[in-house]
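Below: one structure, written as structure tokens.
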Amino acid sequence: MKQIAPGVWPTMITPYTEDNRIDYAHVEKLVEWYIERGVAGIFAVCQSSEMFFLSDGEKAELASFIVKQVNGRVGVVASGHTADDIEHQIRQVNMMAETGADNIVLIPNRFAAENESDDVLIRNLDYVLENTDSSITFGCYECPYPYKRVLTPRVISHMADTGRFAFMKDTCCDAEKVKEKIEAGRGIVRVFNANCSQLYLTLKAGASGFSGVMANYHPEAYAWLCKNWESQPELAKKLSDFLGIVSCVEGRMYPVSAKKYLKMAFFPEMSDFSRALDRDKYVPAFQTELEQLRDLYRNYMPMLGLDFGVEL
């Protein structure tokens, strides 16, 4: 089974052109931007990528492009697991596996309705595993759309027992529950927290790293925290406090907010168009907050004694 490196796995956004096509020139630039900032891998074709708004062909094309651009320098996991029908899901898994991604990330809410039990989820999950090539390595992600299915330790333990799961993106926002999942995964299923405020707590509990939306703003800070939390605990705690507070910006019409931030700070020619949300509803106060985040980050990191060599 392919191993998943510890560290930061940003949930990659999808840049579009103004006429609503995937902007591969900026996909390439974003891949290089992530890698330059020390990420362990890239989570491609995920909720941040607007995967529910991409056709199956676009998902496969996008993942293949990212894998080719990465060229083995870091890892790549990809989802694209959006279908309601289980036979369609199997076709999506096989299609995404052909892109060369290291790991195909499954969405638990695709396997059971909100009112259905873990037994239903496990049964449907096993059916997919039985009907896909045994060489495919999987992950799972507690995607909040169309509803958030938070996995129980029982399900995580079952995934570990299959010997085919290596990655889990946790979105429960509860450090104690994350700890239970880490224990259930037994080091086979590596747990990556998506919550910024409790990342430091879960790293101390054995989490393998960070896979969240704020890695689209300052991935280098999360990479430093994941690498140095144990050797420099006092500084790590200060950085963690900062990252937890500023992560509130993720509620401001993400992923439009991330696109606007990247456009403002790094890629002035990149469009902030989104298929998932109407960017025209992005209020001026939100933009002011992005500017404040940029300036606060620029000034606060040197105060901590950190210099990532990043110009904003």
**Report entry** Expected output: side-chain Gln89 to main-chain Ala83 donor-acceptor under 3.5 Å
**Finding:** yes
Query raised in the report: Do Met301 and Leu239 come close enough that some side-chain heavy atom pair is under 4.5 Å?
Result: yes
Query - Summary of salt bridge (Lys or Arg N to Asp or Glu O under 4.0 Å) pairs that have at least one residue in residues 42-56, sequence neighbours excluded - result: Glu50-Lys259, Asp56-Lys59
Requested in this report: Look at Asp170 together with Lys179 and state whether they make a salt bridge at an N to O cut-off of under 4.0 Å.
Outcome: no
Requested in this report: May I have the step-by-step check of salt bridge (Lys or Arg N to Asp or Glu O under 4.0 Å) for Asp272 and Lys263, ending in yes or no?
Outcome: CA-CA 7 Å; Asp272 54 17; Lys263 179 180 177 67; 5.9 Å; no
Report task. Answer yes if the ring centres of Phe192 and Phe43 are under 6.0 angstrom apart, and no otherwise. Result -> no
Report task. Say whether, by atom type as modelled, one donor and one acceptor occur between the side chain of Thr99 and the main chain of Met96 under 3.5 angstrom. Result -> yes
Report task. For salt bridge (Lys or Arg N to Asp or Glu O under 4.0 Å), just list the numbers for Asp118 and Arg149, CA-CA rounded to whole Å, side-chain angles, deciding distance to a tenth of an Å, and then say yes or no. Result -> CA-CA 10 Å; Asp118 281 351; Arg149 181 104 188 185; 3.3 Å; yes
Query raised in the report: Is any side-chain heavy atom of Met51 closer than 4.5 Å to a side-chain heavy atom of Ile107?
Result: yes
Query raised in the report: Quick one: ring-ring contact (aromatic ring centres under 6.0 Å, His included) partners of Tyr217, sequence neighbours excluded?
Result: Tyr261
Query raised in the report: Are there more than 12 heavy atoms of other residues, nucleotides or ligands under 6.0 Å from atom CD1 of Ile245?
Result: no
Query raised in the report: Which class fits the ring pair Phe308 and Tyr297: parallel under 30°, tilted 30 to 60°, perpendicular over 60°?
Result: parallel
Query raised in the report: Taking the inter-plane angle between the rings of Phe286 and Tyr282 on a 0 to 90° scale, is it parallel (under 30°), tilted (30 to 60°) or perpendicular (over 60°)?
Result: perpendicular
**Report entry** No-hydrogen, no-angle side-chain donor-acceptor test under 3.5 Å, Tyr254 and Asn216
**Finding:** yes
Query raised in the report: Do the non-hydrogen side-chain atoms of Val128 and Asn124 ever get within less than 4.5 Å of each other?
Result: no
Query - Arg298 with Asp295: basic N within carboxylate O range, under 4.0 Å - result: yes
Query raised in the report: In this structure, which one of Lys181, Lys169, Arg110, Lys177 forms a salt bridge (charged side-chain N to carboxylate O under 4.0 Å, His left out) with Glu142?
Result: Lys181
Query raised in the report: Going by atom types only, do Asp23 and His26 share a side-chain donor-acceptor pair under 3.5 Å?
Result: yes
Query raised in the report: Under 6.0 Å from the CD atom of Glu18, do we count more than 12 heavy atoms belonging to anything else shown?
Result: yes
Requested in this report: Verify the neighbour count for atom NZ of Lys148: are there more than 12 heavy atoms of other residues, nucleotides or ligands below 6.0 Å?
Outcome: yes
Query raised in the report: Quick one: does Ile156's side chain get under 4.5 Å of Val191's, heavy atoms only?
Result: no
Requested in this report: Say whether, by atom type as modelled, one donor and one acceptor occur between the side chain of Tyr147 and the main chain of Ala113 under 3.5 angstrom.
Outcome: yes
Report task. Answer yes or no: is there a donor N or O on one side and an acceptor on the other, between the side chain of Asn195 and the main chain of Asp174, under 3.5 Å? Result -> no
Query raised in the report: Quick one: does Arg275's side chain have a donor or acceptor within less than 3.5 Å of a partner on Asn20's backbone?
Result: yes
Query raised in the report: Is it true that the side chains of Ser157 and Arg186 contain a donor and an acceptor less than 3.5 Å apart?
Result: yes
Report task. With Ser135 as reference, evaluate Asp133, Thr132, Thr137 under the side chain to side chain contact (heavy atoms under 4.5 Å, CB included) test and give the passing residue. Result -> Asp133
Requested in this report: I would like to know whether Arg73 and Glu32 meet salt bridge (Lys or Arg N to Asp or Glu O under 4.0 Å); could you show each step before the answer?
Outcome: CA-CA 10 Å; Arg73 290 175 291 169; Glu32 296 305 315; 2.6 Å; yes
Query raised in the report: Under 3.5 Å, side chain of Arg37 to main-chain N/O of Pro219, donor-acceptor pair present?
Result: no
Query raised in the report: Among side-chain atoms of Gln47 and Thr11, is any donor-acceptor pair under 3.5 angstrom?
Result: no
Query raised in the report: Any side-chain heavy atom of Phe210 within less than 4.5 Å of one from Leu225?
Result: no
Query - Side-chain ion pair, Glu116 and Arg123, N-O less than 4.0 Å - result: no
Query - Counterpart residues, ring-ring contact (aromatic ring centres under 6.0 Å, His included), relative to Phe165 (two or more places apart) - result: Phe138
